[in-house]
Amino acid sequence: MPCVFMAEAPQAGELPPHVSLGALADLHKVELLDVDSALAALDREDHLLLVLDREAPSDAVLARAQPIRGSQLLKNVKRPPAAANGPSYYYMGQPDSDVQDAYYAVCLTYWVRGGEDEALLASSKAELMRLRTRAASMDRIALFGTGPSLSEALGRDHSTSFNIICNSIIKNRVFTDQLDPQILVASDAHFHFSYHRYSARFLSDLSDFLRRGGASFFTFDKFAAFVRLRLPEIAGRVFGMPAGRKTYGFDFDQDFSVFPGDSVLNMFLLPIASFLGGEIALNGFTGRAPSDSYFWGHSDLHQYVELMADVRSVHPAFFRNRDYGQYANTVDDEIKLRVGAARSAGKVVHSDTTSFYSALRP
């Protein structure tokens, strides 16, 4: 029995140039239908109907798709059996006009699988509480970002700290094996949970990283549903946190949710670190140097530099007309808020590597 849903067509019924192999979750744009209602609506010209088989997308849909040249599915990762994990959902994105197309895409799995998952939230909170107990025996909480200054931390001894890494640091297998991090965080749908080669590489490395070590992966609860479905072999190591706070805070034993922020450092790393320990050392959060023309620089050892162009090509609206300087200032202001809250609570926060963020300078 096929699963049918109806989504607004891009323009005059024409398909967009790319198809997201993630999925969408904006309920204002997607309406789930029963088969009879969907068939009755087939003649409507202002909507695009997609019929997806429960075990795989219909050949007709994929035949009409035009993914970026060179994009590929995950290697060595099998699609979950439909009987055990439910159907796989795909969304025809609108990357030329929708700044948040990747966010909408990856969240469809969350909505079609029932929305808020109380069991996932309970297990995620329990995991964070368990990690707090482990962190209490360590000297400090050490955070690691992908900025160029991460090179300053590579030769240092981090064995007495509770280590948390983010994003494409998992590219550097030698470093992560030596560091033995306890938590990995990633939360950018455009980079990490889309259908281009960058995302495919990240998810493949994520699967390898979690199966090889003992770390836990934290992301948005909406994204966790997608990752668990896409990578069933590491589903038990994937945890999600909702973004439900109205003001910033890190009392996760009372309110298990995060306050929205414009970077993974603000959204997850600083609040989690503030919850877990009393001293927070940052490494590789370089920020935007005066010479940077993009968001900020990255360490080539910890970024899929050769695949960055794929992200830009697939999600042009996300990058179009960006004021990168203003964005960096916004991130800096948010760091000041979070660092200030931690210090007001008696915590020590410092950067152990070069940083252009004003709140992290000596």
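Only this structure's heavy atoms are used, side chains among them; waters, hydrogens and symmetry mates stay out.
- At least one side-chain heavy atom of Arg343 sits under 4.5 Å from a side-chain heavy atom of Val339.
- In this structure, Leu210 and Ala215 approach most closely via the heavy-atom pair CD2-O, 3.5 Å.
- A donor-acceptor contact shorter than 3.5 Å links the side chain of Arg228 to the backbone of Val238.
- Every residue two or more places apart in sequence or in another chain that forms a side chain to side chain contact (heavy atoms under 4.5 Å, CB included) with Arg130 is listed here: Glu127, Ser216.
- A 4.5 Å side-chain heavy-atom check between Asp208 and Arg173 finds at least one atom pair inside the cut-off.
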CA sep, side-chain torsions, deciding dist, call: His190, Phe319, side chain to side chain contact (heavy atoms under 4.5 Å, CB included): CA-CA 10 Å; His190 292 85; Phe319 295 92; 5.6 Å; no
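- Salt bridge status for Arg156 with Asp352: absent, with no side-chain N to carboxylate O gap under 4.0 Å.
- The residues Asp177 and Arg212 are annotated as salt-bridged, a charged nitrogen and a carboxylate oxygen being separated by less than 4.0 angstrom.
- When side chains are defined from C-beta on, Asp188 does not count as touching Phe193, because their heavy atoms never get closer than 4.5 Å.
- The backbone N or O of Asp262 sits less than 3.5 Å from a side-chain atom of Glu334, completing a donor-acceptor pair.
- Side-chain contact check for Ser207 and Glu233: at least one donor-acceptor pair (N or O, by modelled atom type) lies under 3.5 Å.
- Lys336 has no carboxylate O lying under 4.0 Å from a charged side-chain N of Asp332, or vice versa, which leaves the two without a salt bridge.
- A heavy-atom distance below 4.5 Å is found between the side chains of Ile165 and Pro181.
- Hydrophobic clustering keeps Leu120 apart from Leu131 (ILVMFWY residues linked when any side-chain heavy atoms are closer than 4.5 Å, directly or through intermediates).
- Two different hydrophobic clusters hold Val348 and Ile164 under the rule that ILVMFWY side chains link at heavy-atom gaps under 4.5 Å.
- The side chain to side chain contact (heavy atoms under 4.5 Å, CB included) test applied to Ser159 returns Asp157, not counting sequence neighbours.
- Judged by distance alone, the side chains of Gln303 and Tyr198 do bring a donor and an acceptor atom under 3.5 Å apart.
- Within the model, atoms OG1 of Thr330 and CD1 of Ile335 stand 11.0 Å from one another, a figure rounded to the nearest 0.5 Å.
- In this structure, Phe239 CZ and Leu184 CG are separated by 12.5 Å, a value rounded to the nearest 0.5 Å.
- Between the side chain of Ser355 and the backbone N or O of Phe285 there is at least one donor-acceptor pair closer than 3.5 Å.
- In this structure, Ser123 contributes its side chain and Ala119 its backbone to a donor-acceptor pair below 3.5 Å.
- Listed for the Gln182 side chain is a donor-acceptor partner under 3.5 Å among the backbone atoms of Asp180.
- Using modelled atom types, one side-chain atom of Arg245 and one backbone atom of Asp255 make a donor-acceptor pair closer than 3.5 Å.
- Contact annotation: the side chain of Asn266 never approaches that of Tyr248 to less than 4.5 Å [non-hydrogen atoms, C-beta and beyond].
- Between Asp205 atom CG and Asn167 atom CG the span is 12.5 Å, to the nearest 0.5 Å.
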Candidate pair Asp310 and Tyr304, rule side chain to side chain donor-acceptor pair (under 3.5 Å), full reasoning: CA-CA 10 Å; Asp310 284 25; Tyr304 309 122; over 6 Å; no
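- Taking the six-membered ring where the residue is Trp, the centroids of Phe175 and His302 are separated by under 6.0 Å.
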Only distances under 3.5 Å count here; give the side-chain donor-acceptor pairs of residues 267-283 to other protein atoms, sequence neighbours excluded, each with its distance to 0.1 Å.
{"residue": "Ser274", "atom": "OG", "partner": "Leu270", "partner atom": "O", "Å": "2.8"}
{"residue": "Glu279", "atom": "OE2", "partner": "His350", "partner atom": "NE2", "Å": "2.8"}
{"residue": "Asn283", "atom": "ND2", "partner": "Leu143", "partner atom": "O", "Å": "3.3"}

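- Side chain of Ser204 to main chain of Arg201: no donor-acceptor pair is present (N/O by atom type, distance under 3.5 Å, no hydrogens or angles).
- Checked against the 6.0 Å centroid criterion, the rings of Phe144 and His158 qualify as a close aromatic pair.
- No side-chain N or O of Ser199 forms a donor-acceptor pair with one of Ser194 less than 3.5 Å apart.
- Ring geometry for His192 against Phe202 counts as tilted: the plane angle lies between 30° and 60°, on a 0 to 90° scale.
- Of the inter-residue distances, the one linking Asp221 atom CG with Ser257 atom OG reads 9.5 Å to the nearest 0.5 angstrom.
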Worked check of side chain to side chain donor-acceptor pair (under 3.5 Å) between Glu152 and Thr354: CA-CA 8 Å; Glu152 301 170 22; Thr354 301; 2.8 Å; yes
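- Phe356 is listed as a side-chain neighbour of Thr286, based on a closest heavy-atom distance under 4.5 Å.
- At a threshold of 4.5 Å between non-hydrogen side-chain atoms, the residues Phe250 and Phe259 do not count as touching.
- In this structure, CE on Met241 lies 4.0 Å from CZ on Phe252, to the nearest 0.5 angstrom.
- In this structure a side-chain-to-backbone donor-acceptor pair under 3.5 Å is missing from Thr160 to Asp139.
- Note on Asp253 versus Arg132: salt bridge recorded, some NZ/NE/NH1/NH2 to OD/OE distance being below 4.0 Å.
- The closest donor-acceptor contact from the side chain of Thr146 to the backbone of Ile169 lies at 3.5 Å or more, if one exists at all.
- Here the closest non-hydrogen pair linking Ala186 and Phe217 is N-CE1, 3.6 Å.
- Note that CZ of Arg211 and CG of Leu206 are 10.0 Å apart. Values are rounded to the nearest 0.5 Å.
- No donor-acceptor pair closer than 3.5 Å links the side chain of Arg140 to the backbone N or O of Ser161.
- Ser187 has its side chain out of reach of Phe218: every pair of non-hydrogen atoms, C-beta onward, lies at least 4.5 Å apart.
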